[in-house]
Amino acid sequence: MQSQVHYTSCAHDCGGKCPLEVKVENGKAISISGRKALNKKLNIVPCGRGLSYLKRLYHPERLTTPLLRVGERGQGQFKPISWEEAIKIITYHLGETLAKHGAGSIIDLSRTGAVSAVLHECRKMTGRFLNLLGGRLEVKGSYSFGAAETASNEVFGTKHTAHEYSDLLNSKLILLWGHNPAVTKFGSDFISYLQQARRKGIKIICIDPRKTETTRLADEWIPIKPGTDVAVLLAMAFVMIKEDLWDRDFVNQFTVGFESFRSNVQGEEDGVTKTPIWASEISGVPEEKIIELARLYATTKPATMQSGRGAQRSAQGEHFTRATATLATMTGNVGKMGGNSGGCGYGIGPHGFGLPVPENPVDVSVRITNWPEAIAQGVAGGFPTDIHMGYCVGGNLVHQTSNINRTIEAMRKLDFFVVHEQFLTLTARQADLVLPATTFMERNDIQTPWAGHGNFILYQQKVVEPPSGVRSDFEILRALADQFGKGEEFDNKGEEGWLRHFADQFGVPDFEEFQRSGIYELPNPLSIPFKKQVEEGVPFPTPSGKIQISSPYLADRGLPVCAVYQKNPEGVEDPQRAEFPLQLLCPKQAKTTNSILSEIESPPMLAMHPDDANTFNVGNKEWVRISNHRGAVRAQVRVTDQIVSGAVSLDNGYYALSEEGEVVGAVNVLTSERPTEWGDNITYHTCLVKVEKAV
Ligand SMILES: Nc1nc2c(c(=O)[nH]1)N[C@H]1C(S)=C(S)[C@@H](COP(=O)(O)OP(=O)(O)OC[C@H]3O[C@@H](n4cnc5c(=O)[nH]c(N)nc54)[C@H](O)[C@@H]3O)O[C@H]1N2
Ligand SMILES: Nc1nc2c(c(=O)[nH]1)N[C@H]1C(S)=C(S)[C@@H](COP(=O)(O)OP(=O)(O)OC[C@H]3O[C@@H](n4cnc5c(=O)[nH]c(N)nc54)[C@H](O)[C@@H]3O)O[C@H]1N2
Ligand code: SF4
Ligand SMILES: [Mo]
């Protein structure tokens, strides 16, 4: 028997980057485990999704042949065709579309399937290919960090604001504000350092509408109504100002625009003083708790304000990040060991490396919030182009973008849609041609840590041969580029040549040793963002060189100049609650990475507070219909006090149709496509629904 061990890591957008080893016997992977010594050294704990990946690798529903649509679009009826035919058909449609309508009529819907890999990263690869052919219509913005990123850029001039997680141990207080790293990881070593912080007796507080898995590590859970955080943060600022607990010197020295913020908090403009009572009525957090939290955060030094992306994926998006950043500044925690800035939270480790993408000759784009409308309406609807063709490598955006019914309707408008996939996802079902792609286990690559959280790169060894009929995206695009005489331009190095090239960029001294060991640790001492600004007077990378509590640029655009609380459609105070009384949350779940692994997992249950279950007369495990004016979904109820009353929660990632044709579990049937105020995200968590017994 031939037995080998290969080193790899999941290439998906899973929040982590864990060294894994896979045992292979006679060409078949038989087990996956962590690399014990290495993971211990790096404080990494792999999760169940990675450790059970063989279920996905050898899943009977994996695609193994190109598929051509035969039924109506979206019905999921396809016939197998050969690779030769598939390449010919795509070449024809690309050529015709480019010639007749121009490159701006081809929308690129590629996304995060292999986001942490350097060579096979789906968006860069597709961008490189289509731009060489003449360009593509890009979908701009970020489903992940969009609002936090734009806000953080405005306040600090950068999105790279996260300290290395080992610095948590230098903190005296850790606020996890809308953050669930026990599930989302947010860097592979975060949870391990949180555990160590807990053992060290560092106080940890979670502020979240849900009592999440992470609260097990916390001293306290402060339940809060969704979308009301800014009110609480402003009231905390009110307390700090009133009781003179803020770091006046720090604010004077390092910021601009504090005065507008102070005046708003003290109600000088709108007559509404942002007191703890005011915030309590909005958020459901008791007045005394807000005062206590304000005092605690202001007087415990250093303290770190860590937020996930849930609260910014809502109507308060940018204001949430600006408010956390403002409070971190008022407490003088920016640039300090054990503190942090409350900014966007990208790490400073390797990030964003990959295939070079030539400039896109198409200089217009659409947004993540409106690309379905852009397909549906085109120029007549005020969009920059008429879209005729779609190309998607490693994305399931029909499922992952809000308002699924709207998106499916829009997809009907496309003349031709190509999807490279591993499974027949909801997006692949809308395709004219589906091409079966390899998984990360079936190819070599280099991987970087998630969102810059980690100072290492991993060599991803090819573990097994792909099933016959399956090709890597890179091979597929190379073959297509050949058809247009662009093969050499697309790939002038070959797989190994590219990997050597990237390894050089990372400063790897010995490529063979890197391939063999599977890891290269980058020389990088503990780095504290903005330390130089605070200690040495280096300017912040903003136009003013200071932390911008207020921004003249935003004022010029007619937007609130600093962090403010606003009532919003489908928020907690919307009169529509008479008809749709419950706020719906749609968080990440431990079992899936976005929609990946949903093919294996069972549908999520709807978490509902016992008081609401009583009001709406539904029992534990009962099937219900959750609906609003965008659509309806079926789910089983889980009655639990681990969620605030007035809100329900259905994990994101799952889609199925019941035998009666009803949608089961897909939360994005219900979520809204409304954008955040001035950033580039969707207000997924700002959504009203009603819940009834299913008939
Ligand atoms: N297991 C797993 N891990 C993942 C992913 C996955 O799909 N599965 N996806 C990865 C990706 S792509 C990303 S971008 C990251 C992002 O992960 P996040 O965006 O941080 O994850 P979420 O679960 O959406 O939100 C985090 C928390 O915010 C809370 N929340 C929602 N709305 C509010 C609010 O208004 N106020 C407050 N205070 N809290 C609120 C939710 O209840 C949740 O506990 O995770 C990554 N990690
Ligand atoms: N309700 C709700 N919606 C959300 C979110 C939420 O928290 N709640 N989160 C949002 C966020 S943060 C994000 S980042 C987006 C993510 O949305 P997407 O980027 O669409 O992510 P996935 O659902 O993981 O889809 C990736 C697809 O790529 C395929 N794939 C994986 N590897 C490869 C490969 O190597 N080649 C090819 N060709 N295919 C591959 C997988 O099978 C999968 O179908 O979703 C957003 N949508
Ligand atoms: S966190 Fe990500 S890389 Fe690590 S085992 Fe889980 S899915 Fe794989
Ligand atoms: Mo994301």
Side-chain angles (χ1 to χ4, degrees), residues 10-16 47-49 56 109-115 117 120-123 125 142-146 148 176-186 206-215 222 224-229 232 283 307-316 320 345 368 392-402 419-423 425-428 435-440 442-443 450-451 472-473 476 583 585-599 643 647 649-653 666-668 670-671 681-682 684-687:
C10 319
H12 308 310
D13 198 1
C14 64
C47 77
R49 285 166 291 153
R56 185 167 196 268
L109 294 177
S110 305
R111 217 69 196 182
T112 68
V115 78
H120 294 91
E121 200 280 306
C122 303
R123 294 174 71 187
M125 209 187 326
S142 164
Y143 294 86
S144 309
F145 289 77
L176 296 175
W177 205 301
H179 210 349
N180 187 16
V183 164
T184 59
K185 293 269 175 174
F186 242 76
C206 288
I207 302 108
D208 201 299
R210 303 180 310 131
K211 188 174 183 190
T212 63
E213 295 78 346
T214 309
T215 48
I222 302 181
I224 185 168
K225 289 182 192 168
T228 65
D229 305 80
V232 173
S283 66
S307 41
R309 301 280 72 96
Q312 62 89 53
R313 213 178 284 112
S314 79
Q316 64 182 337
F320 172 70
I368 53 171
C392 167
V393 179
N396 190 8
L397 288 191
V398 174
H399 182 268
Q400 290 299 109
T401 306
S402 47
V419 175
H420 296 201
E421 250 303 344
Q422 297 155 345
F423 289 85
T425 61
L426 190 63
T427 303
L435 299 176
T438 53
T439 68
F440 61 84
E442 296 149 346
R443 58 201 189 213
W450 189 82
S472 81
D473 301 305
I476 301 170
Q583 292 186 277
L585 295 167
C586 53
K588 311 286 186 194
Q589 56 172 315
K591 295 186 295 187
T592 70
T593 296
N594 298 312
S595 68
I596 294 174
L597 289 162
S598 59
E599 55 281 344
I643 184 163
S649 177
L650 189 65
D651 289 344
N652 168 246
V667 72
N668 281 332
L670 300 160
T671 52
N681 216 329
I682 300 184
Y684 285 103
H685 286 287
T686 307
C687 173

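Side chains included, hydrogens not; waters and symmetry mates left out as well; all remaining heavy atoms used. Numbering of ligands and ligand atoms starts at 1, following listing order. No experiment lies behind these values; they were computed from the predicted model shown.
Residues R56 and L597 are in side-chain contact: their nearest non-hydrogen atoms beyond the backbone lie under 4.5 Å apart. Side-chain contact between S307 and F320 is present, with at least one heavy-atom pair separated by less than 4.5 Å. Contact check for L397 versus C392: no side-chain heavy atoms found under the 4.5 Å cut-off. Side chains of W450 and D13 form a contact here, defined as non-hydrogen atoms less than 4.5 Å apart. Under the 4.5 Å side-chain criterion, counting only non-hydrogen atoms from C-beta, T401 is not in contact with N668.
Between the side chains of T593 and R49, at least one donor-acceptor pair of N or O atoms lies under 3.5 Å. Between the side chains of R111 and Q400, no donor N or O sits under 3.5 Å from an acceptor N or O.
Among protein residues, H12, D13, R56, R111, T112, G113, A114, Y143, S144, R313, V393, G394, G395, N396, L397, Q400, H420, E421, Q422, T425, A437, T438, R443, D473, C586, K588, T593, N594, S595, I596, N652, V667, N668, Y684 come within 4.0 Å of ligand 2, judged on heavy atoms.
Taking any N or O of H179, backbone or side chain, none lies under 3.5 Å from an N or O belonging to ligand 1. An N or O contact shorter than 3.5 Å links D229 to ligand 1 by distance. Below 3.5 Å of separation, one finds no N or O of I224 facing any N or O of ligand 1. Considering backbone and side-chain N/O of G178, one or more are found under 3.5 Å from N/O of ligand 1. For ligand 1, the polar-atom distance check against R210 finds a nitrogen or oxygen pair separated by under 3.5 Å.
Among Q589, K588, H399, H12, the one residue that satisfies the side-chain hydrogen bond (donor to acceptor under 3.5 Å, both in side chains) test with N594 is K588. When the options T671, L585, N652 are evaluated for a side-chain contact (heavy atoms from CB on, under 4.5 Å) with Y684, the one that passes is T671.
Using a 4.0 Å heavy-atom cutoff, P226 is listed among the residues neighbouring ligand 1.
The side chain to side chain contact (heavy atoms under 4.5 Å, CB included) check on T212 picks up N180, D208, R210, T214, T215, with sequence neighbours excluded.
The atoms of ligand 1 that sit less than 4.0 Å from any heavy atom of N180 are 44 (O). Each of the atoms 34 (C), 35 (O) of ligand 1 lies under 4.0 Å from some heavy atom of G227. Within ligand 1, the atoms closer than 4.0 Å to a non-hydrogen atom of W177 are 38 (N), numbered from 1 in the order shown. Annotation for ligand 1: atoms under 4.0 Å from non-hydrogen atoms of Q316 are 35 (O). Each of the atoms 1 (N) of ligand 1 lies under 4.0 Å from some heavy atom of A590. Heavy-atom contacts of R49 reach the following atoms of ligand 1: 1 (N), 2 (C), 3 (N), 8 (N) (cutoff under 4.0 Å).
Only side-chain heavy atoms of T212 come within less than 4.0 Å of ligand 1; its backbone N, CA, C and O stay farther off. Under 4.0 angstrom from ligand 1, there are no non-hydrogen atoms of K591.
Closest approach of D473 and C122 over heavy atoms only: OD2-SG, 4.4 Å.
In this structure, R443 contributes its side chain and S472 its backbone to no donor-acceptor pair below 3.5 Å. Judged by distance alone, the side chain of Q583 and the main-chain N or O of P226 form a donor-acceptor pair under 3.5 Å.
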